[in-house]
Every structure is written in C-alpha cells, then in structure tokens.
Asker: 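I am attaching a structure below and will ask some questions about it afterwards.
The chains referred to below are lettered A, B, ... by the order of the sequence lines, with proteins before strands, and numbering in each begins at 1.
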Number of protein chains: 2
Amino acid sequence: MPDTEHPEDKEFMTTLAKGLAVLGAFGRERPTLTLAEAAGVADLSRATARRVLRTLTQLGYVEQNGRAFSLSPRILDLGFAYLSTQSWIERALPPMRELSERLGESCSAAILQGNDVVYVARVPARRIMSAALSVGSRLPALHTALGRVLLGYLDEAELWRRLKSQRIEAYTPQTITDLQALFDRVSADRAQRFSIVDEELERGLRALAVPVCDRNGQAVGAINLSTHSTRTTRNEMRQQFLPELNRIADVVSSMTI
Amino acid sequence: MPDTEHPEDKEFMTTLAKGLAVLGAFGRERPTLTLAEAAGVADLSRATARRVLRTLTQLGYVEQNGRAFSLSPRILDLGFAYLSTQSWIERALPPMRELSERLGESCSAAILQGNDVVYVARVPARRIMSAALSVGSRLPALHTALGRVLLGYLDEAELWRRLKSQRIEAYTPQTITDLQALFDRVSADRAQRFSIVDEELERGLRALAVPVCDRNGQAVGAINLSTHSTRTTRNEMRQQFLPELNRIADVVSSMTI
DNA sequence: CGCCGGCGTTCGATATTCGAACATTCGTTC
DNA sequence: GAACGAATGTTCGAATATCGAACGCCGGCG
C-alpha cells in the first residue's frame, strides 16, 4: 500500500514519501497509532517510523500522548489550503446551504480527478446523521451525476480511453456497465447540460448535477442535489432542482477565472 | 519561516520537513507556484525544490500544468483526516446545523491548540456570505468564548504560565488585557460552565460557548453561537442560547470516549 | 521478582541527497 | 521568424542524512 519507492526516478525522495505514508495512515479507522502500529501500517522499520513521527510531531502535524500518536489539527491547514485556492467553492457554499435547507436535500460540490469525483463541499440534509460523504470523499465518476456532467467536458477520444481503461463495476442492478451505453449517457448529459443518475451507485439514491464552468467554458467542478427515489420523481427533480442548481452555477461561473 | 532544521535533534528528518514546507507554501495567496517560486518561498535550492515537487506530484498531492504547480485534491485526504478521527465533531454537526438555522445565528465548534482555538466545524448563519471563518481557522483563545471555556480546563499553574508567556493584544477597546482580569474571567467561566465574550476580538461580535467533554470530564472541544450586539442582549443569549448549546453538548458528551 | 513487549539510544555503514555546471526549453520582444 | 534572457532539466561525484541492528530502559502482568 504505501507508495514510498520509485526506482526509475532518480529524483524521487524516498524519505519524504515515507513521511507522507505515515501521515496518511491516520484516519477514521486509525485515530491513534503507536510507534509499532505506524511502522506496520506504513511498512517501515521501527526506527524510521520513530523518526518520521518525531519529525511530524515537532512540525506540529502530529501529537503524542504517552504511546499514542494522533493527528494534530494543524494538518487541517493542508486541506484548507487546497480549498482556499479554489475560489468558486467558497462562492458556491452559501447558496448551496440555503438551497439544501429550503429543499431539505443534500447539496454537494465535486471535481473530477482521474476516474473519481472528489467532494470539495457538502451540505448534508438535516435528517442525515452519518458522515459517509464529506470533503475529500471519492466516488466513481462514471456512476454519479457529478461525474457524468464533468466527463462530458472531455473530448470523445479521451472519454473512450477512460471507459476502456477502467474496470466497470455493477454496484446495483441499475448500474449501467455497457461502455457504449455509458458513452451515450455522458454525451446526452453534455448536450442537455445536466445529469440525473438513478440508483446506479446505491439503491434508492437519485441525484441531479450541473457543471460549474470558468470564463473559458471549461468545467472546474459540478454541484448536485441528491434525494431518495421514494421522495422525488425524476420529473420533480428536473422541475425543482435543475433551475435552482443552474442559478447557483451561473452566479458562481460568472466570477470564475 | 520554513521549519526545516532542528540541529539539536538527531532524529529530525530534514528531507521530510523540506517537503512539508513546500506543501505548506501553497494557499490562497499562492494557488500556483513555479519551481523557482517554490524554492524561494521554502528557502531551498532549486534542485531540492524540484525533487520535492516531483515527489509530491508522483504521490498525487501536487499537480503540474506547464511550469505551474498546484495542490491536487488528493491533499484533502491528508488535510481532512483529522476531522474523521474526532467522532464528536461528526455527532455535533447535525444538531448544530438545526440550531443555526432555527436561531438564524452562526454555530461553531473548536478545539484548543496552544494559544489558539482552531475551528473544526462551522455552520454560518444564512446571511453570512463571506468565509472569514471556516474549518481550520485560528483565533486567539484568550479573547474568544470558545477559548475561554477550554482554558478553564487547564490547571491554574498552566493557565498562569500561558497568560504570562504570550503577548496580549488589544483588538478593540473592549479587549481585556490585564492578566489578573483574564485569569478571573476564565475561572468564573469554568465555574458557571459557559462563557460570554463581548466585542473583545471584533466590534459588535458577541458569542456564547460551552465545553464538550469526554466521559472523564475532560474537555475535547467547545461549541458556540455567535451574534451581533445589535441583535441579542447578553441576557437573551443566556436564556436562548445556553440551554440549546448545553443540550447539544450533553448529547455529544455522553457518547464521547 | 522475572518476563515480555514496546519504546529509546547509539553509531558505523551506506543509501540518499545535494548543488554546481552545463544543456535544453520556453516566453517575450522586435 | 530570430534573438535573447529566464526558467527549467540533467548529470555526477562529494557530502551528509538516513538507516537499522543491537543493546538499554520502562511499564505492565503473572
């Protein structure tokens, strides 16, 4: 798992990679780590893991309490730095919150990275008590409305290349797995400038997404509203969600470099 | 500025520190960096900066577009991992959102780190259009309600040590700068188990905060409601905000390890 | 008390990092 | 397009930062 070696690249700094591998070992499943655990997870010797943790502690990214090491809130600076370089996210958030509250549904923003969408903002509906999705979460682009609208901005050759090079998984009986059908969906969504994805990733989950574009017409991200198929029909989504999302996307887009 | 040397510690990994210094150079003021700019900001040779950026790019934390390097959304994995290690934040968010919406005020959660409070969750009031405060933001603990209640959990010697060792700044005419007065405020707030801070950091800004404690009675963080002095009296805050915040803190606290 | 597991320390070997000098590419101006 | 300067890419021997094995220390448990 830990990516700490690139023998073909003489410029690759293995020490830096080791450090980041240890940082990446902390998370929901591992809120704290002992020295030996860190060494095991990151596949390092105990002495190297110790040096890494001491360095990270002295830099303020990790805290030590007895034998337990844990992330320090200073690590938030790194994640926050990314968001602060994307001004459109900051501008989209207030209207997204208002919309989520008014419609009683979750509203999210994401970008396309490789074959995933990465969530960069999320306003969960009030009734949602878990944090299955949050900033930084990733989902397969091909089977989410957010991903579908963003894939529409690739040229056709690149879209085909991506379709052919990834393993397409059926998450539900509704998941579209045929390459031509997926290509046609993305193309149709590009033409209509929104996407509805219906129970392809999770039973009951239905979402509508629109792109957010910069001044050159390039997509910088997308925003969506998600709902449950028992609550909202596709027509209702088109009639109620689409104009709202387009309004936000237009306001945000007109100011995006 | 970049912290890349600790000559007294033989275990300090300078290569890792250099890499993190370059990562830390990106932000709102520097969304993209050229190789030479990165070298300058992080105070590294060009060759070292180049190695760092190449390594970070290969690990996926940085992207290169021509001569420009920028943070990749993959950095969100590192940056937001802290939040996923703190389960109380996740549990506090839904009721905080509901409360913020109902009262029409901003509701936040923060932890104490050194002399700062660090915001770990924030639900802005709907009318607030800017993102001056967000997850990761820091403010001086001594002059915020969130900080005051958390400082109350330090022992008295430690509190005095902190008072004496930091520079106390007067942000407004209302800012309390006398050490004894500050000590007395923190002590009084500890006894009453909430804090109201009134225009000490920013004119017009008034906030009430309560602590969130774990099962051992130790404070893990605090939550607040903030308002403007033209909208809410201190008595109204005590009568309307305090029971609401205490209700949330109690629910969250009873489940906190 | 003894044992064991986990962590701290030490230090010589070596793997990694370093940067200066040269080569190549890119962007700007005319 | 050509010329030029700035920025970046490449190379390689020297320097040094990193490595881990072995021993020491500490705390918890039987």
Side-chain angles (χ1 to χ4, degrees), chain A residues 1-26 30-59 61-72 216 257, chain B residues 1-26 29-59 61-72 216:
Chain A
M1 163 175 126
D3 189 2
T4 55
E5 293 174 2
H6 279 239
E8 72 281 356
D9 183 2
K10 282 177 294 190
E11 296 191 279
F12 189 83
M13 298 170 95
T14 59
T15 303
L16 173 55
K18 287 171 184 175
L20 291 168
V22 171
L23 257 191
F26 291 96
R30 290 181 294 258
T32 66
L33 291 168
T34 64
L35 170 57
E37 285 166 348
V41 175
D43 196 28
L44 302 175
S45 72
R46 185 166 60 77
T48 295
R50 176 184 165 74
R51 289 194 191 94
V52 169
L53 286 167
R54 286 202 55 145
T55 301
L56 294 174
T57 301
Q58 290 192 45
L59 294 176
Y61 293 111
V62 165
E63 290 172 335
Q64 183 176 10
N65 186 1
R67 288 187 167 174
F69 292 89
S70 55
L71 288 179
S72 147
N216 304 316
I257 303 171
Chain B
M1 164 179 122
D3 190 0
T4 54
E5 294 173 1
H6 278 240
E8 72 282 354
D9 184 1
K10 282 176 296 190
E11 297 190 279
F12 189 81
M13 299 170 96
T14 60
T15 303
L16 173 55
K18 288 172 182 174
L20 290 166
V22 171
L23 261 191
F26 292 95
E29 329 75 41
R30 289 182 295 255
T32 65
L33 290 168
T34 63
L35 170 58
E37 285 166 346
V41 174
D43 197 26
L44 303 174
S45 73
R46 186 167 60 75
T48 295
R50 176 181 164 75
R51 287 194 193 93
V52 169
L53 287 167
R54 286 202 56 141
T55 301
L56 293 173
T57 302
Q58 291 194 44
L59 294 176
Y61 295 114
V62 165
E63 290 172 338
Q64 182 176 8
N65 186 0
R67 288 183 170 179
F69 292 89
S70 56
L71 289 179
S72 148
N216 304 316

Asker: Ignoring backbone atoms, establish whether A:K10 has a side-chain N or O less than 4.0 Å from OP1 or OP2 of D:dT10.
Answerer: no
Asker: Give me, pair by pair, the N or O atoms of the protein and of nucleotides 4-7 of chain C that are less than 3.5 Å apart, along with how far apart they are.
Answerer:
unit_1: C:dC7; atom_1: OP1; unit_2: A:L35; atom_2: N; d: 3.3
unit_1: C:dC7; atom_1: OP2; unit_2: A:A36; atom_2: N; d: 3.0

Asker: Taking only side-chain N and O atoms of B:T48, does any of them lie within less than 4.0 angstrom of OP1 or OP2 on C:dG19?
Answerer: yes
Asker: Rounded to whole angstroms, how far apart are CZ on B:F12 and P on D:dT18?
Answerer: 9 Å
Asker: Of all heavy-atom pairs between A:A42 and A:V22, which one has the smallest distance, and what is that distance?
Answerer: CB-CG2, 3.8 Å
Asker: Taking CG from A:L44 and P from D:dC19, how many angstroms apart are they, rounded to a whole number?
Answerer: 8 Å
Asker: Do you know the tightest heavy-atom contact between B:D9 and A:R54?
Answerer: OD2-NH2, 3.4 Å
Asker: Can you measure from OG1 (A:T48) to CE (B:M13) and round to the nearest 0.5 angstrom?
Answerer: 6.0 Å
Asker: What nucleotide, of D:dC19, C:dG19, D:dT18, holds the atom closest to the side chain of B:T14?
Answerer: D:dT18
Asker: For B:E63, enumerate each residue passing the salt bridge (charged side-chain N to carboxylate O under 4.0 Å, His left out) test, keeping only those at least two apart in sequence or located in another chain.
Answerer: none
Asker: I want to check one thing: is the phosphate of C:dC18, taken as OP1 and OP2, less than 4.0 Å away from some side-chain N or O of B:K18?
Answerer: yes
Asker: Does C:dT16 have its OP1 or OP2 closer than 4.0 Å to a side-chain nitrogen or oxygen of A:T15?
Answerer: no
Asker: Is the distance from OP1 or OP2 of D:dA21 to the nearest side-chain N or O of A:S45 less than 4.0 Å?
Answerer: no
